[in-house]
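Since the model is a prediction, treat every value here as computed from it, not as a measurement. Chain letters run A, B, ... following the sequence lines, proteins first, then strands; residues in each count from 1.
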Amino acid sequence: MHPTSARATTSLGLAILVAACGGGDGSSAGGDSNAIPSGVALTGAGATFPNPIYTKWFDAYARQTGVRINYQSIGSGGGIRQFTEGTVDFGATDGPMTDEQIAAVSGNVLHVPTVLGADVVTYNLPALGQTRLRLDGEIIADIFLGKIRKWNDPRIAALNPNVSLPGDDILVVHRSDGSGTTFIFTDYLSKVSPEWQQKVGAATSVSWPTGLGGKGNEGVTQQVKQTPGTIGYVELIYAISNGLPYADVRNASGNFIEPSLNSVSAAAATGQLAADTDFRISITNAAGEAAYPIASFTWLLVRPENADTTEARLIKDFITWMISPEAQRMAADLHYAPLPMPVIELVEARLGSL
Amino acid sequence: MTAPAALNTARPPAHEPAAGVSLERQSNGDRVFRVVLTLAAIAIPVLLAFLVFELWSGARLAIDRFGLGFITTSAWDPVAENFGAVPLVFGTLLSSFLALLIAVPLSLGVAIFLTEFAPMRIRQPVAFVIGLLAAIPSVVYGLWGIFVLIPLLRTTVFPFLERLLGFLPFFEGPIYGPSMLTAGIILAIMVMPYIMSVAREVLVAVPNSQREAALALGATRWEAVRTAVLPYARSGIFGAIILGLGRALGETMAVTMVIGNRHEISASLFAPGYTMAAAIANEFSEAVGDLHLAALAYVALLLFAVTVIVNAVARLLIWRVARGSAAGSKAI
């Protein structure tokens with residue numbers, strides 16, 4: 001036993017030594033290019049919805065500058081909690097923090113919008129195939145409230161005069177897991193339907209008046225795909241990459257808008273951001289002519305005051321890079337709607353004043 | 001090479017002292033071994049206590065707010081911060097019960113077939129394959145449920161059941177696919193390998209003299225199994241079932257993918273339901289409000305309590321059955 005274990009210890013030690021040397025080499029090489037102390041890394045935690053683009057950004061950023069950013073996509077709730085407790089350098093969330101939550105943080109909180117997300121209303125009506133239905137907010141709210149029960153309801157038919165709607169029952173499918181997707185959707189419905197606001201409200205998970213819960217975008221998608229007569233909501237990215245049929249939704253200006261990266265960005269452009277905004281604004285039901293109404297920012301949470309610490313400086317550098325055209329183009333490649341110019345300018349201005 | 005030599009030289013002194021003295025004068029190795037084992041044994045209750053304490057302190061906000069009313073109300077509204085766990089407890093118990101209802105006869109049948117009736121050549125391979133089922137991750141069962149089982153149930157099995165038994169409230173439409181019954185079936189498939197494997201081991205361990213005695217008295221093979229083998233193995237078989245039950249109560253991922261996640265109690269097995277474990281897994285990561293989080297911790301505490309109670313009742317049952325089987329074997 002003895003010689004074997006001794007050999008094991010030696011080789012283990014050697015492995016650690018090698019690993020340590022390798023790590024040292026890597027970070028010092030990165031450090032040289034940007035005069036950053038070696039081994040520096042930022043940690044963040046939060047939303048799962050923007051995780052793919054964050055992962056890509058952090059990877060690209062590490063390559064360019066040598067600053068490693070560890071991001072745990074544990075969900076918005078977890079992100080806000082860890083940020084409040086100060087265990088991470090920055091948080092990330094799909095729904096803005098409430099005033100109460102901000103009060104619980106020692107010091108200030110700055111919400112930095114990163115990209116835009118949107119929900120589409122998808123359905124399964126075999127007779128229609130990929131035909132895009134036209135819906136408005138009140139109809140969607142009443143369907144999800146269980147008040148409109150048939151596909152050939154006169155109100156749906158009135159918006160879709162050229163479509164022969166079947167007389168099937170409508171089966172509602174919603175997310176069962178808490179999710180930023182649900183937040184965007186319920187936030188929109190709360191704005192367009194007083195009854196929804198009063199009975200259900202807006203949150204990452206709500207008490208659904210009717211329907212089935214599917215776990216994750218894939219759970220909702222499968223349920224909708226398999227069952228004729230279903231209606232559900234999924235992220236835009238998911239609908240595009242899976243070729244799901246989805247509805248054009250009437251926006252606040254009265255136009256029926258097809259969900260797309262452009263129409264989502266348009267919703268943010270017309271968000272009427274004041275110069276001193278804290279970015280905690282909802283852009284659902286936005287007023288612009290071409291704005292798709294079920295859209296939202298997703299945010300990074302950072303602490304604005306301790307700007308002299310290394311971490312704060314690194315975060316600021318990262319955000320500056322993130323709003324660059326190059327980084328925002330990466331977002332579009334992954335089907336996230338990039339921030340429109342006015343928002344980028346606002347973020348830039350805010351960074352300067354940090 | 002040195003180790004065996006050291007062992008050889010150490011052996012003679014160990015034999016030397018009389019039995020009583022060797023108990024008094026333990027070697028260092030014995031003492032260390034004893035301390036390590038004691039620590040290991042203590043670690044588990046400590047861990048358990050720590051777990052309960054952590055759940056309790058996490059749930060305090062909800063316990064203070066809702067008290068025992070949490071177990072008697074059925075609202076679940078994160079926006080209005082009003083929570084009750086009845087549908088969750090109901091769903092957990094019902095889905096596990098359904099799972100056992102389906103899995104127990106099946107797996108016992110397979111176990112009996114494999115130990116008593118199957119040709120020798122296929123016994124090991126079949127047992128091995130069923131054991132493999134236990135190694136499949138539950139998310140894979142869930143995906144299989146979504147892609148294969150649900151379409152099959154929705155288009156074929158459920159409509160058939162509805163036509164056959166639709167007069168009962170348990171089999172009333174509408175049929176969605178994801179439902180309490182779907183969850184029960186998925187769970188049954190998942191717990192089967194556990195029940196089957198343990199039951200088979202227990203049956204194999206029944207002495208051959210039991211069977212031979214029954215056969216010698218003129219019993220058929222089935223009568224021998226029923227009167228001599230099963231009574232002998234009864235307590236072991238109950239143990240196998242409890243192992244399966246424990247797994248069914250705590251199963252999360254596969255269940256949440258097929259149960260429909262509706263916070264509601266309905267008589268129909270075709271209607272969607274919810275379980276405690278599924279609710280925690282679904283809502284924990286995005287629970288933003290403190291009370292919401294506390295309510296989920298409260299659910300976890302409840303799940304723990306339900307598991308303990310169910311297991312205690314099952315133990316009690318085993319204990320009584322074990323006494324019964326001793327009497328039974330005397331009768332034979």
Side-chain angles (χ1 to χ4, degrees), chain A residues 1-4 46-49 73-81 93-95 97-98 100-101 104 169 171-183 186 190 197 199-208 210-216 218-219 221-223 225-230, chain B residues 1-4 6-7 74-84 139 142-143 145-148 150-155 173-179 252-264 271-274 278-290 292-293 296:
Chain A
M1 276 321 249
H2 241 274
T4 326
T48 48
F49 158 67
S73 67
I74 55 172
S76 301
I80 290 174
R81 273 197 300 283
T93 179
D94 290 335
M97 289 172 77
T98 61
E100 261 171 45
Q101 286 168 342
D169 286 336
L171 174 60
V172 168
V173 184
H174 55 78
R175 288 282 289 269
S176 64
D177 47 334
S179 138
T181 316
T182 300
F183 181 84
T186 52
S190 293
Q197 185 176 26
K199 280 190 180 164
V200 185
T204 51
S205 42
V206 298
S207 174
W208 293 95
T210 182
L212 292 174
K215 184 161 172 56
E218 68 283 1
T221 304
Q222 281 312 316
Q223 182 63 27
K225 262 189 175 170
Q226 290 173 5
T227 322
T230 45
Chain B
M1 286 305 263
T2 52
L7 246 171
S74 58
W76 191 271
D77 189 342
V79 181
E81 303 216 304
N82 187 15
F83 301 100
V139 67
L143 283 175
I146 289 179
F147 287 108
V148 181
I150 288 180
L152 181 77
L153 292 176
R154 198 189 60 246
T155 54
I175 292 165
Y176 303 118
S179 66
T252 310
M253 189 53 76
V255 171
T256 187
M257 289 166 89
V258 302
I259 201 170
N261 302 308
R262 179 129 197 86
H263 202 90
E264 212 170 64
Y274 221 150
I280 297 167
N282 267 331
E283 293 186 10
F284 191 80
S285 65
E286 293 283 341
V288 181
D290 286 342
H292 190 186
L293 210 63
L296 289 170

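Counting heavy atoms from C-beta outward, B:H263 and A:W208 have side chains that stay 4.5 Å or more apart.
Neither the backbone nor the side chain of B:A271 comes within contact range of chain A; no heavy atom of the residue lies under 4.5 Å from a heavy atom of that chain. With a 4.5 angstrom heavy-atom cutoff, A:V173 does not touch chain B via any of its atoms. Heavy atoms of B:L143 lying under 4.5 Å from chain A are absent altogether. Neither the backbone nor the side chain of A:E218 comes within less than 4.5 Å of any heavy atom in chain B. A:Q223 touches chain B through its side chain: at least one heavy atom from C-beta onward sits under 4.5 Å away, while N, CA, C and O do not. The contact between B:F147 and chain A is made by backbone and side chain atoms together, counting heavy-atom distances below 4.5 Å.
Rounding to the nearest 0.5 Å places CD1 of B:I150 at 8.0 Å from OG1 of A:T227. Note that CD1 of B:I146 and NZ of A:K225 are 12.0 Å apart. Values are rounded to the nearest 0.5 Å. Here B:N261 contributes atom CG and A:R175 contributes atom CZ; the two are 11.5 Å apart, rounded to the nearest 0.5 Å. Note: B:D290 CG to A:Q101 CD = 8.0 Å, rounded to the nearest 0.5 Å.
Nearest heavy-atom pair, A:R81 versus B:A287, reported as atom, atom and distance to 0.1 Å: NH1-O, 2.9 Å. Among all heavy-atom pairs drawn from A:S176 and B:E283, the shortest one is O-CG, 4.3 Å. Closest heavy-atom contact between B:D77 and A:K199: OD2-O, 4.5 Å. For B:R154 against A:Q226, the heavy-atom pair with the smallest separation is NH2-O, 2.7 Å. For B:Y176 against A:L212, the heavy-atom pair with the smallest separation is CB-CD1, 3.6 Å.
Summarising the local packing, CG of B:N82 is surrounded by more than 12 heavy atoms from other residues, nucleotides or ligands at distances under 6.0 Å.
Most heavy-atom pairs under 4.5 Å with chain B, from the set A:S207, A:G229, A:G216: that is A:S207. When A:G219, A:G178, A:A47 are compared by the number of non-hydrogen pairs under 4.5 Å with chain B, A:G178 comes out ahead. Your options are A:D169, A:I74, A:T48, and the one with the most heavy-atom pairs under 4.5 Å with chain B is A:I74.
Tested against B:V79 for a side-chain contact (heavy atoms from CB on, under 4.5 Å), the candidates A:T186, A:T204, A:V206 yield a single pass: A:V206.
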